[in-house]
Number of protein chains: 2
Amino acid sequence: MAAVLDQDGITAAALELVSKKGYDGLTMAALARSLGVAPSALYNHVSSKDEVLKLVEEDLMSKVDFGGFRTLPWEEAVRQWAYSYRGIFARHTPLISVIAVLPVTDAPQTLAMYEAVTEGFLRAGFPEKQIIPSIVALEAYIFGAAFDANAPADIFDSGRLADSTPHFTSAVRSLGPDQNNYPSDLAFSMGLDALITGLGALRVDQSG
Amino acid sequence: MAAVLDQDGITAAALELVSKKGYDGLTMAALARSLGVAPSALYNHVSSKDEVLKLVEEDLMSKVDFGGFRTLPWEEAVRQWAYSYRGIFARHTPLISVIAVLPVTDAPQTLAMYEAVTEGFLRAGFPEKQIIPSIVALEAYIFGAAFDANAPADIFDSGRLADSTPHFTSAVRSLGPDQNNYPSDLAFSMGLDALITGLGALRVDQSG
DNA sequence: TGAGATAAATGAACGTCATTCATTTATTGG
DNA sequence: CCAATAAATGAATGACGTTCATTTATCTCA
């Protein structure tokens, strides 16, 4: 029969659906409808909805910018990579629990990213043994920050319990004229700087 | 009618159910069964399954150990808090996407924690404006690390693509005798040290 | 050219969920 | 003691992922 469907098409349709309706709107039925096909037809090309999520994840990984590791100083490369990584997955947080536990074995785009990042760390003078833990630590931070990026502005509103949390409430108010001012971007920048400084100290050769 | 049910009982039953069957086993039907009640009866005490998750989350928050902020040097207090926080939520990752976006307004335990942590930061000499972003950054890292803690040991197995990712594959192998050795704990420790060092530098008065 | 073999799409069906609602049951307050 | 109320029931609903027997179209090869 004429192949109306393939994994690339499914991936593209899933991405478009997610961007329009969010992850709640990503159902097998909706996905099939957007492809003009019956839901059961999808199962000739993917084994489950989980596989659809993996396909989407791999596609997103290919969009993460790790090019700086070839051209920029290590600190700048990490920063560029981290911002790009967080920016992409902030809009795809439901995938994070999938990625964080997903073996890279069948994820070529993810592997390509790790290879480039590892090379960058080597060039920057990191001892081989420190590289994977450093990347893991950075990724943990990036994933956590991606969640944060979706928090509502009033997430730290202590409400009627403000009286019993005076120091916290005051610290929140100190952030800006708005009573509730969620500092997701500022926090990301601060923590990233701290990580870059702290991890950078592990380098043996600081010339990279 | 005799109140067989209340929010505390529901929370306790949900926690026990999760510890025995995981979050897949936490269904409204299973929860009701464990309480000897019909599923619909739950809705007299909680408005939705999401509220059950929020109740569980608050209960877990009360178990996070932030006592060090009253007694230990700032670095040690942060370390203790972070380890406790990660240890608890590593077994409850499905809650993380809920927490990260949940306003603290109706979460007294969470607020209590923030108040204590904020006080610790103040005592340690942090400028008020830096405190919330620092806590947010630490929390992002802790949440991301909680996901990591559940990764399988072979998550970095590059499989048949090992040849095309030589530096990465070698870096993974350098970690230990096991071919695939996932360094979740080591990574957490390294990143946490880096964050503590980097954020600690923001202090004005280093005596705390 | 024509006859399988095969890959792909269909539609009906299933089981699992969370959730709703009319009804029943037990307790409490006036 | 009665009425109001809080709480539990069981049946029903709709959404969802997934399966499967069946049909349909294309490809291969004699």
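The chains referred to below are lettered A, B, ... by the order of the sequence lines, with proteins before strands, and numbering in each begins at 1. Atoms considered below: every heavy atom in the structure, side chains included; atoms not considered: hydrogens, waters and symmetry mates.
- Looking at heavy atoms from C-beta onward, A:M190 lies in side-chain contact with B:L202 at the 4.5 angstrom threshold.
- Listed by first and then second residue, the salt bridge (Lys or Arg N to Asp or Glu O under 4.0 Å) pairs involving residues 32-48 of chain A amount to none (not counting sequence neighbours).
- B:F89 places a side-chain heavy atom less than 4.5 Å from the side chain of B:I99.
- The aromatic rings of A:F121 and A:F126 lie tilted to each other, with the angle between the two planes from 30° to 60°.
- For DNA chain D, the neighbouring residues in residues 34-53 of chain A, judged by any heavy atom under 4.0 Å, are A:S40, A:Y43, A:S48, A:K49.
- For B:E115, the side chain to side chain donor-acceptor pair (under 3.5 Å) test picks out A:H167, with sequence neighbours left out.
- Taken residue by residue, residues 9-28 of chain A places no heavy atom nearer than 4.0 Å to DNA chain C.
- Residues that satisfy the ring-ring contact (aromatic ring centres under 6.0 Å, His included) test with B:H92, not counting sequence neighbours, are B:Y23.
- Legend: side chain to side chain donor-acceptor pair (under 3.5 Å) pairs involving residues 135-145 of chain A, not counting sequence neighbours, sorted by first then second residue: A:Y85-A:E139, A:Y114-A:E139.
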